Amino acid sequence: MLGTILHGPRDVRCEEVPEPRIQKPTDAVIRLSASCVCGSDMWPFRGLNEVTQPMAMGHEYCGVVEEVGSAVTTVKPGQFVVGSFCLSDNTCPHCRRGFQSSCVQREFMSGAQAPRARVPLADGTLVATETLPPDDLIPSLLAVSDVLGTGWYAADAARVEPGSTVAVVGDGAVGLMGVLAAKEMGAARIFAMSRHEARQNLALEFGATDIVTERGEAGVEAIKRLTNGVGADSVLECVGTREAMMQAIEAARPGAMVGYVGVPHGVELDGQWLFFSQRGLLGGPAPVRRFLPHLIDLVLTRKIDPGKVFDLKIPLADVAEGYRAMDERRAIKTLLQV
Ligand SMILES: [Zn+2]
């Protein structure tokens, strides 16, 4: 079959790869309904993460189970499933606490930019729907697998509450999903920090009340101005650069939580500065598994439409263009038809 392999910086190819198969009794093999390119795929694509050997790309997925290993009991062939990009057993102490992305058996999904994929730890990772969903909901169900789950976690970690004020740093797909999550959680004001018109419009559609175009110090000043000098009750950091992290912490009011889900690159914090700033930080890879049942339900009942975040839909064979479009910020997020 065809699959997506990253050979080195800016060298991603759709090429012949081995068919996935059951390797352990806890595995499942699924036929994907669609796949997509993640913002985090940009780090190795841009050469900011070293690529030492060809990497099978893709960790966002939903589709129909084709085959399960002998130990799998909760999903069966023919069922439609959504899984998390973090593979987890969902039984260890960290899983039971809702931090499946720190599972003692944690693995990361790979090879999902392809028509079929192997999902290890199928019982703990996959959630099945009662019936096959209609085709028009596939993009939104795919979004649940990572980008929405991650934006949702940012809002959850930042303790967004009904009536609160929320600042979202980053207008990539995750940031936009963070806006949607904050809106669903009842935030009264949502400041989306963006200077890109198409993304501003989508942020407004997802529930942002204000657009802040300033960045860095000026961005922090703008949030302060909009909150009578106080700072935001919750801040979502969805980029991962030093500037974005500093902006997020400084835009938060004392006592606030910053939910940070951008993978940090070059972020260093001074201990004393953090001590006196009196803001809390919780982030890391999102425990999407915790949110899957709720988010799938919100999609199936058409209460949310996160699939709108895919503004480029192309065949898997054109995956390289999908990466380039995101790299050059011509696309917010690329859906791959498999
Ligand atoms: Zn676990």
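Heads up: numbering here begins at 1 and tracks the sequence. Below, each value reflects all heavy atoms present in this structure, side chains not excepted, and no hydrogens, waters or symmetry copies. Just so you know, ligand 1 is whichever comes first in the structure, and atom 1 is the first atom listed for that ligand. All figures in this text were calculated on a predicted structure; none of them were measured in a lab.
Crowding of R242 atom CZ: a count of heavy atoms from other residues, nucleotides or ligands under 6.0 Å not exceeding 12. Heavy atoms from other residues, nucleotides or ligands lying under 6.0 Å from NZ of K308 number more than 12.
The aromatic rings of Y153 and F99 sit perpendicular, their planes meeting at an angle over 60°, well past the 30° parallel limit.
Follow the hydrophobic side-chain contacts under 4.5 Å out from V309 and you never reach V239; the two are in separate clusters.
With waters neither drawn nor counted, the protein N/O/S atoms under 2.8 Å from the Zn ion (ligand 1) amount to 4.
A side-chain contact (heavy atoms from CB on, under 4.5 Å) with L312 is found for exactly one of T334, L335, D318, I332, namely T334.
Comment: R116 engages E66 in a salt bridge, judged by a side-chain N to carboxylate O separation of less than 4.0 angstrom.
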